[in-house]
Participant: 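Dumping the structure here so I can ask a few things about it.
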Amino acid sequence: MIRPDAPVLLEICDLRASVEEQPILKGVNLTIRAGEIHAVMGRNGSGKSTLSKVLAGHPAYRVTAGSVHYRGEDLLALLPEQRARIGLFLGFQYPVEIPGVSNLEFLRVATNARRQEQGLEELDTFAFEDLVRERLKVVQMDPAFLERSVNEGFSGGEKKRNEILQMALLDPLVAILDETDSGLDIDALRIVAGGVNQLASAANATLLITHYQRLLDVITPDYVHVMAAGQILRTGGKELALELEESGYDWVDAELERLEASAPEGLAAAQASRTPAEVG
Amino acid sequence: MVAIPVGELRVQSRSLPGEAWLTDLLSSLPVLAGSAWLASQQQRARQALAGESLPSRRQEAWRFTDASAITAIPAHRLERLAAPADLPAPAAQVLRLVLDGRGDPLEGLALPEGLERLDPAVVEALCGEALDANGATAAWPVQLNGALADQVLALRVSQPLPTVLELVSDTGDAAGVLGLRLLLVLDPGASLEVLEVHRARGASLTSVVLEAQLGRGARLRHGLLAQGQPHQPAAAADELPSSAGAAPVLLHHLAVVQDPGSELQLTAAVSGWGLARLEPMVVQRSGSAFTRLRGLQRVDGRQVVDTHSRVLFAGPEGRLDQVHKALADGAGRSVFNGAVIVPRQAQRTDAAQLSRSLLLSDRARIDTKPELEIVADDVKCAHGATVSRLQQDELFYLQSRGIAADQAARLLLRGFCEEVLAELPAPSALWQPLALLMGEEPAP
């Protein structure tokens with residue numbers, strides 16, 4: 001839902017970031033207002049996953065220039081846990097398995113960390129169990145998964161449901177979902193996407209990072225951004241995703257060539273970033 | 001450089017602290033009256049140790065482990081131990097035997113059906129058999145135990161036992177040496193759960209030799225909870241020179257013989273000792289048995305924990321599932337050596353061994369070594385060893401959910417430990433193994 005007067009939740013200005021001295025993000029600009037759903041699409045290595053990790057504060061990525069403001073606050077100055085507590089959520093492409101740590105306990109500690117920041121009272125074991133059982137319905141998840149270790153032995157679909165369950169518990173203002181559709185069969189995709197739709201409201205915003213149109217068949221984006229070589233090359237409405245589905249990413253190369261003509265250094269850097277495998 | 005006369009040198013080398021310590025200890029031990037058999041066993045062990053010193057790092061089996069901490073323990077046997085004061089009340093269905101090396105732990109107790117004292121003639125016949133089968137009879141800690149122990153607690157289990165047997169020793173603040181010798185015989189088809197707990201705070205050495213024989217189809221689930229608690233807090237311990245305030249020492253041999261169809265599960269959790277050396281050893285006498293080993297050890301300060309495990313398949317179609325974990329913090333040192341021996345007759349053996357260690361400090365040290373001797377050609381033997389710090393991706397995942405870095409690290413460490421602790425017999429919960437292992441104050 002686009003409302004020009006809605007408050008800005010996230011403002012990314014000329015964001016540049018490197019991993020192991022390799023520049024990946026080369027000037028990303030993006031403004032997200034409350035109520036909006038954005039989709040970032042692009043090839044492998046375009047930098048879209050890097051963008052999500054930089055926003056969440058992954059220590060392996062170094063911001064070299066630019067700024068990110070979250071509701072006016074300098075996001076990059078905050079620790080990852082502080083970002084999460086004030087309402088930024090990253091749904092992982094590959095949720096991490098943590099043997100020996102109970103999923104229920106993990107969810108409770110995380111939920112209470114967020115609630116404390118929100119000025120809500122912390123939930124004891126019993127109150128939390130009531131809450132979690134209610135939120136399980138968002139992703140139609142079997143309560144048996146609460147008793148297991150975090151993500152351990154979960155199938156791809158179960159892991160993604162667990163991510164959306166965390167989102168439902170943490171009640172974020174900006175949710176970044178990194179390839180949430182990858183590894184899901186059509187039923188699981190429907191359930192996970194249905195969960196995201198239920199949680200989207202006029203007060204929060206969602207940033208979907210995805211390869212494919214199929215997620216966007218279920219979650220309708222207000223904006224679609226195409227990333228290439230660490231920048232957003234083009235922004236459009238939901239029809240841009242359909243166009244990509246039809247014509248592929250070949251036009252991106254043409255666009256990059258045009259960039260080369262205007263700024264040769266930009267392309268050299270862009271090509272360097274496409275060679276290493278799986279940077280995005 | 002100062003010239004030292006040759007004569008003086010010889011005097012010095014003869015009074016090595018280790019040798020002197022052992023001489024002092026042996027000369028302090030009374031001659032046993034009563035059982036002629038046990039007295040002769042004692043005599044033999046004392047003679048074997050006479051003129052010896054402590055295990056030295058020149059010996060392959062002690063290469064990474066400095067045993068000199070033993071010399072800081074007063075060289076006399078603990079003759080009268082005060083009854084341990086702060087033991088948790090035993091859970092229901094628990095038979096607790098408190099071991100002090102002197103009194104009869106079975107005195108005044110009604111044993112449940114299926115559990116009985118082993119006949120003395122059978123004890124004489126069977127005692128030492130499992131050690132022999134595991135090639136451990138001449139090991140230094142076993143000899144030391146033989147020289148010390150005045151009694152053998154020998155129990156026979158003749159059927160599946162619903163009761164958990166709790167074997168507890170607690171030297172408290174006492175200083176000296178305690179020797180405990182135990183023998184468990186499980187008849188064919190019998191099953192038993194044992195929780196063995198050893199605690200110490202003072203300058204004491206606890207020496208344990210436990211032998212177990214598992215008949216056909218017998219099942220033994222054995223948990224070992226070894227909770228040392230140094231006098232000084234662990235955090236300060238590594239600031240002190242190693243000689244200050246002797247920390248408790250544990251020497252533990254567990255020798256098992258398994259008959260076909262039997263199942264053995266050994267789970268050990270060890271922390272808080274100045275020096276702990278554990279040697280779980282298993283022989284599958286004719287193969288076709290199942291052995292599950294779980295180990296968890298934590299060192300901090302200047303502590304040393306060394307686990308040397310050994311599993312021998314003396315027949316075909318045996319199975320082993322072994323996971324050993326270590327946490328090394330402070331300037332602690334953790335050693336694991338896991339021997340798996342698969343001779344020619346042990347065809348179709350299926351063995352897996354994994355060692356996982358977490359290095360939590362730049363000054364800590366971990367030595368881990370799988371030692372596989374495989375002669376049979378039709379076997380599956382997997383092994384792996386990892387030494388790492390806390391995983392950055394795991395930490396980041398927790399942080400990205402609002403959990404602060406230090407709390408996230410604590411959660412991960414607890415998870416690392418829980419995987420092993422969860423396999424201890426249920427009554428272990430009352431002993432608060434996780435809190436003690438993590439060096440936290442136990443809840444009242």
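Chain naming here is simple, since letters A, B, ... match the order of the sequence lines and numbering starts at 1 in each.
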Participant: Which bit of B:Ala405 is near chain A, if near means a heavy-atom gap under 4.5 Å: side chain, backbone, both or neither?
Facilitator: both

Participant: Do A:Val101 and B:Arg414 come close enough that some side-chain heavy atom pair is under 4.5 Å?
Facilitator: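 Result no, sub-4.5 Å side-chain heavy-atom pair not found.
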
Participant: Taking side chain as everything from C-beta outward and backbone as N, CA, C, O, which of these in B:Gln391 sits under 4.5 Å from a heavy atom of chain A? Side chain, backbone, both or neither.
Facilitator: neither

Participant: By a 4.5 Å heavy-atom criterion (distance strictly below it), what part of A:Gln82 contacts chain B: side chain, backbone, both, or neither?
Facilitator: neither

Participant: Under 6.0 Å between ring centres, would you say that holds for B:Phe396 and A:Phe92?
Facilitator: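 B:Phe396 vs A:Phe92: aromatic centres under 6.0 Å.
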
Participant: Would the number of heavy atoms belonging to other residues, nucleotides or ligands and lying under 6.0 Å from CZ of A:Arg148 be above 12?
Facilitator: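 Check passes, neighbour count above 12.
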
Participant: Roughly how far, to the nearest 0.5 Å, is OG of B:Ser400 from CD1 of A:Ile176?
Facilitator: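 Separation between the atoms: 10.5 Å.
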
Participant: Please report the closest heavy-atom contact between A:Arg85 and B:Gly402, naming both atoms and the distance.
Facilitator: NE-O, 2.8 Å

Participant: Report yes or no: does B:Arg401 contribute a side-chain atom to a donor-acceptor pair with the main-chain N or O of A:Ala110 at less than 3.5 Å?
Facilitator: no

Participant: With a 4.5 Å cut-off on side-chain heavy atoms, are A:Val150 and B:Leu398 touching?
Facilitator: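 B:Leu398 does not reach A:Val150 side chain to side chain.
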
Participant: Who among B:Gly415, B:Ala422, B:Cys417 has the most heavy-atom pairs with chain A under 4.5 Å?
Facilitator: B:Gly415

Participant: Would you say A:Asn151 and B:Tyr397 are linked by a side-chain donor-acceptor pair, where the criterion is simply a distance under 3.5 Å?
Facilitator: yes

Participant: For A:Leu170, which atoms come within 4.5 Å of any heavy atom of chain B: side chain, backbone, both, or neither?
Facilitator: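 Side chain only.
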
Participant: For the OG atom of A:Ser149 and the CD atom of B:Glu419, what is their distance to the nearest 0.5 Å?
Facilitator: 6.5 Å

Participant: Quick one: are B:Ile403 and A:Glu81 in side-chain contact, heavy atoms under 4.5 Å?
Facilitator: no

Participant: Less than 4.5 Å to any heavy atom of chain A: does that hold for the side chain of B:Gln399, its backbone, both, or neither?
Facilitator: both

Participant: Using heavy-atom distances under 4.5 Å, tell me whether A:Pro95 contacts chain B through its side chain, its backbone, both, or neither.
Facilitator: both

Participant: When only pairs under 4.5 Å are counted, which of A:Ala113, A:Pro172, A:Ser102, A:Pro80 shares the most heavy-atom pairs with chain B?
Facilitator: A:Pro80

